[in-house]
Amino acid sequence: MKPAPFQYAAPESVEETVALLHAHGAEGKLLAGGQSLVPLLNMRLARPSVIIDLNRVKTLDYIREENGEIAIGAMTRQRTAERSPVVTRRLPLLADALPLVGHLQIRTRGTVGGNIAHADPSAELPAVLAALEGSVVVRGPGGTRRVAAHGFFVSYLTTALEPDELLLEVRFPAHEQQGAAFLEVARRHGDYALVGVGAVVTMAGNVCQRARLAFTGVGPVPVRIPDAEAVVTGKMVTDGVLAELGKLVTHTIDPTGDIHASAEYRKEVAGVLARRAIQAAAERARMKQMRMR
Amino acid sequence: MATRYFGERIRRNEDPRLLTGGGTFVDDITLPDLLHAALLRSPHAHARVRRVDTAGAEALPGVVAVYTHGDLPPSLQEPLPRPIPHPALVHHKTQYALARDKVRHVGEPVAFVVATSRYIAEDALDLIEVEYEPLPPVVTLEQAVRPDAPLVHEDTGTNVCAQYTQRVGNVDEAMARAAHVFTERFVIDRGTAAPMECRGIVAQWDPRLRQLVVWDSTQAPIPIRNGLARLLGLAQGGVRVIAPDIGGGFGPKIMMFYPEEVLVPYAAMQLSRPVKWIEDRRENFAAMNHEREQIHDAAIAVDRDGRILAVRTAFLYDSGAYIPYGLTVPIVASTTLPGPYKIPNYHCEFRAVFTNKTIVSPYRGAGRPHGVFVMERLMDRAAAELGIDRVELRRRNLIQPHEFPYDVGLIYQDNAPLIYDSGNYPATLEAALQKIGYEHWPQERARYRAQHRYVGLGVACYVEGSGIGPYEGCRVTVEPSGKVYAATSVGTQGQGHFTSFAQIIADALTVRVEDVIVITGDSGAFGWGTGTFASRAAVVAGSAVHLAAQAVREKTLLVAATKLEARPDDLVLEHGRVYVRGAPGKSMTLAEVAVAANPLRGTLPQEWEQPGLEASRYFAPPRGTFPNGVHAAIVEVDIETGMLKILKYVVVHDCGRVINPMILDGQIRGGVAQGLGGAFYEKLVYDESGQLLTQTFMDYLLPTAMEVPEIEVDHLETPSPLNPLGVKGAGEAGVIPVPALMAQALDDALSELGIRITEMPLSPNRLLEMIREARAKRPSPHPDPLPKGEE
Ligand SMILES: Cc1cc2nc3c(=O)[nH]c(=O)nc-3n(C[C@H](O)[C@H](O)[C@H](O)COP(=O)(O)OP(=O)(O)OC[C@H]3O[C@@H](n4cnc5c(N)ncnc54)[C@H](O)[C@@H]3O)c2cc1C
């Protein structure tokens, strides 16, 4: 488990990084926290000829509040985000999901940008971004562009990033008024989810005005099911509505199986988790309303 | 015997060193000019090797040597040794150092590269071209015994390498007359020990001294030394094998031999440069031996009162591609099965079967979890069918305290009769029931059910074979410094021998436990021994330690008697000082006696026999000693996701006299963690082409501290009459009953659904599948209300 030979570059600025990416094209690979890339290198499943280490680029480590969005710099460690009061207060869904990402040690190295850019189909943060309808900001030789979550995740481990593009920041819409819950089933604490779901709901009294759900582990990219969201929208969150939601989710999604869980399992448990997540999110939203009154 | 230390929770002598990074593991050995090795391993489960071209690898700068089968000397071209034969093992096939003309499992070594760094060695592996002709693989046990199955070894004409039967009484007759006979099929799948430290070997050849030194992560350094001497044409005295600190053994680190264990020393001699090979985790999954796979067809016959009349099992045992370790695992499974129960008629037969998978050899439990799973599941089945409380059914069948020694009527793995030496099974059971709160369980269970929670309780009993022969030894020496050195014949892999052995010696010589330095795992320090396995080190080596310490004590008194001009009987040894009873002023320290025992001039008194305060002793038990235990647990199932939560876990265990309760508790808890792994998390998965799909810790799931519950441990002490310390083994006690226990607890939790667990390991996926099937079969009259969300 030693990597194949590679060259190593350690740029100190975004401009330098983009220039290196441009020079090396598909042969270059960015290194962030290394928690996904290094195992791939060591198992020789990835053999880039140049590693471009982002760890000396100091300008990508920040959490900013801008126009109702929270912008998190790509090199912000997951653990830093987890401990950020801004995240806790304004991004409850992300705050719920972060402790489920691997283990403390992993999150201490792993970055928010790396998790999103890696686009693992079982990762939590892409589902959070999808549920919140957030976006990412990327920089290439041609300049900076903004890509919405639904356009960013293309397929398994594949995003809309060009080989010479760098992810600069991830933008999560603040949702402190809403109820949020991220639930997942993982074989062990800290494992990637077999199935996970992020739910955000807006409640008016006991009626759900708006609900968004994004699943992880059940498709090549985070999965949204508009029909399922419609089931709860405009309704009281009753056992009957939740049961209908669960059934619809189970019937609609189309996951694949692997050695840890069959497609059947994922379908069924996605329905269960959707139900529980909406219930929990609605409950939290009601608590917030009560507190505000 | 005054016991200041025996039985105390003494902190471990080795911990300050280990906790401050002062341990020496194989990978810590660095030597000048060190070369690094890597192995090219078969990517196929079953293939003919047509051609191996190493030219590209040899041309890579930094590569020093590349070996294939044909490059090895004749003694290493042969199949590796067969150290543990058995008359029933008719096809005793063992592995090659490097594949000859066929590969028989994924991970089997094909070529061996030595280079100036491990990186270059791995780069070179990419450049070796091998032409394989894939053959149809034999993957499952059931497939292997079909008449038209491909053959793992063509010359045998069959994949069944052994067939062996043991009986007590007449099972057929008893079953024919029985009021009830229940039959069941049980399946236990593969797992691996996953020690924290993978295997590793460093070898150094000194041509001037003609001395080969090998650091090896083995559990059996002395047998490895003996075998290496033979295979490499050296004197035993010319080979020193050191098993330094080892990050967990659990069984698979005892194998005589793993290919790497001969290849690394051979290359070091050939190249006259030291060579290191450190197994990486991916290799470890495919190249270190596995365990656990068996399929049992079993039956129990009981009378109307639930008394056992007969038990029968016929099982298949997957040995993997070769069977170097012989029939130990299936024999242990067969002989553990009867457990603490009186079974007048017992019939057990197994077939050991080759498949195109990694070799199987003992892993903590070594067949015991299988035997206990089968027996306990049969008991649960009988209890359920007869409507007798499961614990009451057990009580009716337990061997009683006055019935020891109890002859089970079988032959154990040491070829000696299976005779339980001592124990108190009813007391162990009652203590566990008390701790888990069995008496109030019906009400408790009803309360959970009223909250729509599926919670179950399990109780599982077992008897564990331990402390078998042939022998171990120890040499105790008091040096002129007053420090006591004890060289033992066994290796150590974290069991605390540096402390538990020191406690035995410290009591005998009345010194401080910190002043006893225990040496393990160095064939240069002690040359006769067999190794650490089968929960036997404390029993067999511990007894040898005791005997040697007692001999040194006597010698101390003898030497001091001469010097103090008193009779040995009038001397007292206390706090490391000998004095004349009634005249404490006339005294010598142990250090002074040690100096006196080794005079430079003058004469050595005849009765001293030899110089020095030193004695070597061996202990050879007549047969194994049998600890027993009961585990109990309360487990909750989320029936919508198949996830488990263990609410309570208790162990009551009797391994005779306890040397160090803290070390013992650690052994038990670690075992339970591994048992839980084998019950719910860990499973090696092969696909139909024989590819191992679980080769990382992302896919092979070890339970972590988050999954393992608090484990309450309690001990009864029924001393063994078979050794001077009265001890019994404890190394495997934690792991053995866990699958049986979890199965029973799950049955209890899911009894409304009529689920009966007959396989291990499980997973949320498998549990949900069973729940789904059960619901389809018996749609419950009142559909469950929605369980509460996870808030
Ligand atoms: C034991 C373990 C358990 C884990 N469990 C989970 C889990 O439960 N859930 C989960 O979501 N993740 C889990 N992870 C993965 C972890 O969260 C990773 O940190 C994350 O997926 C990748 O982040 P990184 O910073 O380590 O990126 P790296 O590993 O350095 O990079 C990953 C990929 O992203 C690319 N990349 C990184 N940064 C950028 C950027 N700024 N612009 C463009 N491309 C970039 C790299 O080139 C590479 O291809 C686990 C990892 C381990 C080792």
Side-chain angles (χ1 to χ4, degrees), chain A residues 1-6 36 39-40 42-45 47 102-103 120 122 179 181-192 194-195 199 237-240 242-243 246 257-284 287, chain B residues 36 38 60 117-123 125-126 198 278-284 638-644 677 680-687 692-708 763-769 771-772 783 785-791:
Chain A
M1 298 225 291
K2 302 286 185 221
F6 57 80
S36 297
L40 291 173
N42 284 355
M43 291 192 267
R44 298 191 181 218
L45 295 172
R47 295 171 181 241
H103 311 266
D120 190 292
S122 299
F182 199 101
L183 297 183
E184 71 177 34
V185 172
R187 289 295 309 270
R188 297 169 304 179
H189 179 90
D191 278 337
Y192 277 108
L194 296 180
V195 188
V237 184
T238 60
D239 285 353
L242 289 173
D258 60 24
I259 60 172
H260 297 302
S262 63
E264 270 298 296
Y265 180 91
R266 289 184 155 94
K267 282 164 81 79
E268 191 169 331
V269 173
V272 171
L273 291 184
R275 221 173 63 206
R276 292 181 183 178
I278 287 288
Q279 193 174 37
E283 189 58 37
R284 287 177 182 179
M287 305 267 284
Chain B
H36 298 264
L60 186 72
S117 81
R118 174 72 181 235
Y119 291 85
I120 295 174
E122 290 192 21
D123 292 345
L125 298 182
D126 283 352
C198 296
I278 299 296
E279 183 179 54
D280 66 36
R281 188 57 68 180
R282 196 163 42 161
E283 291 184 281
N284 181 268
D638 179 338
I639 63 155
E640 292 191 315
T641 62
M643 292 294 284
L644 287 191
F680 200 66
Y681 298 98
E682 302 179 40
K683 177 170 168 158
L684 290 169
V685 182
Y686 280 91
D687 70 9
L692 179 57
L693 302 181
T694 44
Q695 289 203 61
T696 71
F697 283 142
M698 298 267 295
D699 289 324
Y700 187 82
L701 309 176
L702 295 176
T704 72
M706 300 298 291
E707 282 71 48
V708 179
S763 62
N765 183 70
R766 182 69 189 115
L767 265 184
L768 204 60
E769 207 170 74
I771 291 167
R772 204 183 299 127
L786 279 177
K788 280 229 161 296
E790 275 208 334
E791 261 304 81

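Reckoned from all heavy atoms, side chains included, excluding hydrogens, waters and symmetry mates. Nothing here was measured: the structure is a model prediction, and the numbers come from that model. Throughout, a chain's letter reflects where its sequence line sits, starting with A, and its residues are numbered from 1.
- Using a 4.0 Å cut-off between a side-chain N of Lys or Arg and a carboxylate O of Asp or Glu, B/D126 and A/R44 qualify as a salt bridge.
- At most 12 non-hydrogen atoms from other residues, nucleotides or ligands lie less than 6.0 angstrom from CE of A/M287.
- What you find for A/V269 and B/E640 is that their closest heavy atoms are CG2-O, 3.8 Å.
- In this structure, A/L194 CG and B/N765 CG are separated by 8.0 Å, a value rounded to the nearest 0.5 Å.
- Side chains of A/M43 and B/Q695 form no contact here, defined as non-hydrogen atoms less than 4.5 Å apart.
- Under the 3.5 Å distance criterion, the side-chain polar atoms of B/E707 are matched with a main-chain donor or acceptor of A/H189.
- To the nearest 0.5 Å, the span separating CE on B/M643 from CZ on A/R188 amounts to 11.0 Å.
- Counting heavy atoms from C-beta outward, B/L701 and A/H260 have side chains that approach closer than 4.5 Å.
- Of the possible donor and acceptor atoms, one in the side chain of A/Y265 sits under 3.5 Å from a partner among the backbone N and O of B/T641.
- To the nearest 0.5 Å, the span separating CE on A/M1 from CZ on B/R118 amounts to 9.0 Å.
- Considering all non-hydrogen atoms of both residues, A/R187 and B/P764 come closest at NE-CD, 3.2 Å.
- Between B/Y119 and A/P3, the closest side-chain pair of non-hydrogen atoms falls below 4.5 Å.
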